[in-house]
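Basis for what follows: all heavy atoms, side chains included, without hydrogens, waters or symmetry-related copies. Index from 1, following the sequence.
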Amino acid sequence: MVKLRLKRCGKKQRAVYRIVAIDVRSRREGRDLRRVGFYDPIKNQTHLNIPVILYFLEKGAQPTGTVQDISKKAGVFIELYPNQQTNFN
């Protein structure tokens, strides 16, 4: 099973995260299948490769809670389900 989750990078006390598609059985810093984004919580910057994220979600990948929250703010789920009028809270 594939998950979309955060991979920690950066220095001590200055963590930045890559959003990656990775096998569930891999550890946090393990080898990823594909990098799909970047998240810096200190500067509050996010960069997402939305077409690749949509590809993995359509193939059955499950986002973790944090990645799901980041994706909601970027509007990824609106592009995935354009006909639904539900609120994704």
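By the rule that hydrophobic residues join a cluster once side-chain heavy atoms approach within less than 4.5 Å of another member, Ile19 and Val2 end up as members of one cluster. Cluster membership check: Ile70 does not share its hydrophobic cluster with Val16, using side-chain heavy-atom separations under 4.5 Å among Ile, Leu, Val, Met, Phe, Trp and Tyr. By the rule that hydrophobic residues join a cluster once side-chain heavy atoms approach within less than 4.5 Å of another member, Val76 and Tyr17 end up as members of one cluster. With hydrophobic clusters built from ILVMFWY side chains whose heavy atoms lie under 4.5 angstrom apart, Ile53 shares a cluster with Tyr55. Under the 4.5 Å side-chain heavy-atom criterion for Ile, Leu, Val, Met, Phe, Trp and Tyr, Val36 and Phe38 are members of distinct hydrophobic clusters.
Minimum interatomic distance between Arg14 and Ile42 (heavy atoms only, all atoms of both residues): NH1-CG2, 3.2 Å. When all heavy atoms are compared, the tightest approach of Ala15 to Pro41 is O-CD, 3.7 Å. Listed here is the closest heavy atom pair of Ser71 and Leu48: CA-CD1, 4.5 Å. For the residue pair Leu4 and Phe56, the shortest heavy atom distance occurs at CD2-CB, 4.2 Å. Here the closest non-hydrogen pair linking Val24 and Arg5 is O-NH1, 3.8 Å.
Every residue two or more places apart in sequence or in another chain was checked for a side-chain hydrogen bond (donor to acceptor under 3.5 Å, both in side chains) with Asn49, and none qualifies. Not a single salt bridge (charged side-chain N to carboxylate O under 4.0 Å, His left out) links Asp69 to another residue, sequence neighbours left out. Partners of Arg8 by salt bridge (charged side-chain N to carboxylate O under 4.0 Å, His left out), not counting sequence neighbours: none found. By the side-chain hydrogen bond (donor to acceptor under 3.5 Å, both in side chains) test, Arg25 is found to be paired with Asp23, residues two or more places apart in sequence or in another chain being considered.
The stretch residues 32-45 participates, sequence neighbours left out, in these side-chain hydrogen bond (donor to acceptor under 3.5 Å, both in side chains) pairs: Lys7-Asp32.
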Q.
Set out, in order, the CA-CA distance, both residues' side-chain angles and the distance that settles side chain to side chain contact (heavy atoms under 4.5 Å, CB included) for Val20 and Leu6, then state yes or no.
A. CA-CA 6 Å; Val20 297; Leu6 299 177; over 6 Å; no
